[in-house]
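Contents: one structure, followed by commentary.
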Number of protein chains: 2
Amino acid sequence: MAQASVKDVARLAGVSVATVSRVLNDNATVSESNRARVLAAVERLGYRRNAVARSLRTDATGTIGLVIGDILNPFFTELARAVEDEARIAGYAVVIGNADERPDRQDDYVRTLLERRVDGLLLCPTAELTPLVRDTVESGTPVVFLDRTLHGLDVPTVRADGADAIDELVGHLLGLGRERLAFVSGPAILSTGRERTDAFACALARRGLPVRPEYLEEGDFQAASGRAALARLLDLPEPPDAVVAGDNLMALGALDEIHARGLSIPGDVALASYDDVPWFLHLDPPLTAIAQPVQELGRRAVRALAERVAGREVETVTLRARLVVRGSCGEPREAPRSGKPAGPRSGRHDEGSVPA
Amino acid sequence: MAQASVKDVARLAGVSVATVSRVLNDNATVSESNRARVLAAVERLGYRRNAVARSLRTDATGTIGLVIGDILNPFFTELARAVEDEARIAGYAVVIGNADERPDRQDDYVRTLLERRVDGLLLCPTAELTPLVRDTVESGTPVVFLDRTLHGLDVPTVRADGADAIDELVGHLLGLGRERLAFVSGPAILSTGRERTDAFACALARRGLPVRPEYLEEGDFQAASGRAALARLLDLPEPPDAVVAGDNLMALGALDEIHARGLSIPGDVALASYDDVPWFLHLDPPLTAIAQPVQELGRRAVRALAERVAGREVETVTLRARLVVRGSCGEPREAPRSGKPAGPRSGRHDEGSVPA
DNA sequence: GCCGGTGATGTAATCGTTTACATCGCTCGT
DNA sequence: ACGAGCGATGTAAACGATTACATCACCGGC
């Protein structure tokens, strides 16, 4: 079932391939009658333009590569969706790669994406700056970093800054009477890991409070590490009365450990998370979280990349994350949607209820 | 910053382009000395093979297209990840498209994927069979359906059958004393929607129980519809005492409505979901769910597609979903490991292939 | 009536590979 | 010593599009 080519169309329409190409790209004047015949021939043959050949000639594939850190992390998933959406609007197809937080995998993807001549690359760089990434950006390939950045490299980056939100969160916790705040951070080698930790420490320092080192746990942005961190924190002689997780997966792990110990949120310990994911709202109590403007992040990244592809310079974009207060730190201030007032409530903390 | 081409490499190595190509594809005999020089030249120039030109010549892109139903649905996300993983192993890159459950969007993607000459297509077809999809499969393009199927078209499909699991779930609920079981189904036009509903009705019928039409709500696999369905169910003069949601998003909506009314799970109403997602485990109580072998689904789909690309015929693959009992229907049985062989519960997601 | 201009079209080169085929030395068997 | 056979290499033709350039017909102004 050989696909028809321009040649076949040309023959059937009784014109030259040049004319066919012209009507296909309508970038030159073609007589109305010929245009009609070509279109008819295209229709008849079910002709579909071969983007591969076209790309070879035009040196543009209409494709961008997206390499994300961990496809199982809802944050990246949502990001991928946003990128996908905006790319579609901009006329790009997206080839996606999951680095799984491993530099070698990241490089594998970067390599095949370059071989495939993507027009540009959206990269959530892994911890280390690999030689390949350095070469790539230095060779002039359009690259934009997303979510994370890498120092020492002049690459436009689209990211969200959560320092203010973290500060606000710390204020919120202290305002609710919490006194022993702990933070479960991501890996310090990742920009997103370090920044959040710093912001937390800063927020405490700014208020003249000490940063107790035993309240600073380092995880790896995965659920298991969050759980382990919580276990250590709760085993402390003087456990924290509030915990902030550095990302949504570690919050999940934290939640686990807290449940496993039969502790209540926020009664025994307050919990909040960096990253907001849809189902945080459906937890009991709903989780207070710092929401990144994920959609906007994706959009801006694609737009920035498109600019780079067009040869224009772009600035780094820094958006702001914002605090979303729910019930998991105590004293929720959002009034619930009205429904039937609560029926019988069991005395235990684990019954489904929206805070009154 | 023009990329080096085979020609440049050939010149630098003092050989012909044919020789360069031969060492690059090591499919013919090349003298050791020449091979070394070519490799050296490749290194020196930082030569990267142009996959576009290569594809044009070889008529293979090493790329597959994946069009999923809704990228925000964790089920599809996980599926995409599995596909991505397996594709990587098989040496394929994945171009992903999010149909957002809209036939026109699906077709948009199919079209550009075909233009880009993907070697094959993995498709979670939307409700309707569009002419484009029909033409595509009839024209001989390798296509494999994933998760869902479309009647009247001879396309191999990789999917999971949940009928047994649903039957088991119904048994479980009845065993716990629930008497009024409701089901929130997906759209009947989707194979996955209809099948689950049928299985539910069947499970009741098989036990001689009536299927009360007011306990059969139809949603659209989105959270909002789940919530609305629950609202209607709970407003019934005689509301159900157990609800099964047809997918994870509708379960989310259901959860919402139940919480909003201050009802307790499983005290006031039992809740279970088709689809298992990681955080169900972290709800309080953890949600009983039917887990699809998502990883395996993705793997098998890619393998099937690879076979089709290689020109071989493949059979439809039907895996089995399995029930995961947690606490949301009452009487949580922790530690399901040993003891009662009540149901032959395979330990892993990855098991239970059933030929069509 | 001639000539330059203009608009429509065709011819052919080109993008960077792969690969069929031709070529060229060698070696080996007789 | 000679041709067959073989291994290594090169030449050039594809693949299917786009596009610079040439061509051609025709028109109107002088």
Side-chain angles (χ1 to χ4, degrees), chain A residues 1-39 41-42 45-63 111-119 141, chain B residues 1-39 41-42 45-63 111-119 141:
Chain A
M1 186 82 18
Q3 292 265 9
S5 79
V6 268
K7 230 177 261 181
D8 304 307
V9 174
R11 191 172 326 121
L12 182 59
V15 298
S16 75
V17 293
T19 300
V20 173
S21 178
R22 282 192 265 257
V23 354
L24 257 30
N25 301 296
D26 59 291
N27 52 4
T29 75
V30 174
S31 74
E32 213 32 68
S33 69
N34 271 349
R35 168 181 313 274
R37 298 157 76 134
V38 168
L39 260 19
V42 163
L45 294 173
Y47 169 77
R48 227 185 294 286
R49 166 206 252 140
N50 185 329
V52 173
R54 171 171 228 250
S55 298
L56 178 59
R57 186 57 229 258
T58 60
D59 199 37
T61 55
T63 292
R111 230 183 315 265
T112 78
L113 291 171
L114 291 178
E115 271 200 0
R116 293 186 153 85
R117 295 300 193 269
V118 291
D119 293 340
T141 309
Chain B
M1 186 82 17
Q3 291 265 9
S5 80
V6 269
K7 232 176 259 181
D8 303 307
V9 174
R11 192 174 322 122
L12 182 59
V15 299
S16 75
V17 294
T19 300
V20 173
S21 178
R22 281 192 267 258
V23 355
L24 257 30
N25 301 296
D26 59 286
N27 53 3
T29 74
V30 173
S31 75
E32 214 33 68
S33 70
N34 272 349
R35 167 181 313 275
R37 298 156 78 132
V38 168
L39 260 21
V42 163
L45 295 174
Y47 168 76
R48 226 185 295 286
R49 165 207 251 142
N50 185 330
V52 173
R54 173 171 227 251
S55 297
L56 178 59
R57 184 58 229 252
T58 61
D59 200 38
T61 54
T63 292
R111 230 183 315 265
T112 78
L113 291 171
L114 291 178
E115 272 200 1
R116 293 185 153 85
R117 294 301 195 269
V118 291
D119 294 341
T141 310

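Chain letters run A, B, ... following the sequence lines, proteins first and then strands; every chain starts at 1. Only heavy atoms go into these numbers, but all of them, side chains included; no hydrogens, no water, no symmetry mates.
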query = Is the distance from OP1 or OP2 of dA8(D) to the nearest side-chain N or O of Thr29(B) less than 4.0 Å?
reply =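 Looking at the OP1 and OP2 atoms of dA8(D), one of them is under 4.0 Å from a side-chain N or O of Thr29(B).
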inquiry  = At less than 4.0 Å, is any side-chain N or O atom of Ser31(B) found next to OP1 or OP2 of dT9(D)? Yes or no.
reply    =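 Indeed, a polar side-chain atom of Ser31(B) lies that close.
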Got a second to check how far [X]'s [atom1] is from [Y]'s [atom2], nearest 0.5 Å?
{"X": "Ser5(B)", "Y": "Arg11(B)", "atom1": "OG", "atom2": "CZ", "answer": "7.5 Å"}
{"X": "Thr61(B)", "Y": "Arg116(A)", "atom1": "OG1", "atom2": "CZ", "answer": "7.0 Å"}
{"X": "Arg48(A)", "Y": "Asn50(A)", "atom1": "CZ", "atom2": "CG", "answer": "11.5 Å"}

Using whole Å, what does the distance between atom [atom2] of nucleotide [N] and atom [atom1] of [X] come to?
{"X": "Asp8(A)", "N": "dC15(D)", "atom1": "CG", "atom2": "P", "answer": "11 Å"}
{"X": "Arg116(B)", "N": "dA17(D)", "atom1": "CZ", "atom2": "C1'", "answer": "15 Å"}
{"X": "Leu45(A)", "N": "dA17(D)", "atom1": "CG", "atom2": "P", "answer": "12 Å"}

ask   = Which atoms form the tightest heavy-atom contact between Ser55(A) and Ala60(A), and what is the distance?
value = OG-O, 3.1 Å
key: Heavy-atom closest pair, residues Val30(A) and Arg35(A)   =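 For Val30(A) and Arg35(A), the tightest heavy-atom pair comes out as CG1-N, 3.8 Å.
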key: Residue of the set Leu24(B), Val38(B), Thr19(B), Val17(B) for which side chain to side chain contact (heavy atoms under 4.5 Å, CB included) holds with Val9(B)   =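 Of the listed residues Leu24(B), Val38(B), Thr19(B), Val17(B), the side chain to side chain contact (heavy atoms under 4.5 Å, CB included) partner of Val9(B) is Val38(B).
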message = Other residues, nucleotides and ligands only: do more than 12 of their heavy atoms fall within 6.0 Å of CG on Asn25(A)?
response = yes
ask   = Within the side chain of Arg117(A), is there an N or O that forms a donor-acceptor pair under 3.5 Å with the backbone of Ala53(B)?
value = no
query = Toward the 5' end of DNA chain D, which comes first, Asn34(B) or Asp59(B), by nearest nucleotide?
reply =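 Nearest-nucleotide comparison on DNA chain D picks Asn34(B).
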ask   = Taking a pair as Watson-Crick (N1 to N3 plus N6-O4 or O6-N4) or G-U wobble (N1-O2 and O6-N3), both under 3.5 Å, which stems of 3 or more consecutive pairs involve DNA chain D?
value =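 Stem segments, range with range: C:1-30 with D:1-30.
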message = Output one letter per nucleotide in nucleotides 15-26 of chain C: B when a protein non-hydrogen atom lies under 4.0 Å from the base, S when only the sugar-phosphate is that close, - when neither is.
response = BBBBB-------
query = What does Val52(B) touch in the nucleic acid at a heavy-atom separation under 4.0 angstrom: a base, only the sugar-phosphate, or nothing?
reply =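 No contact.
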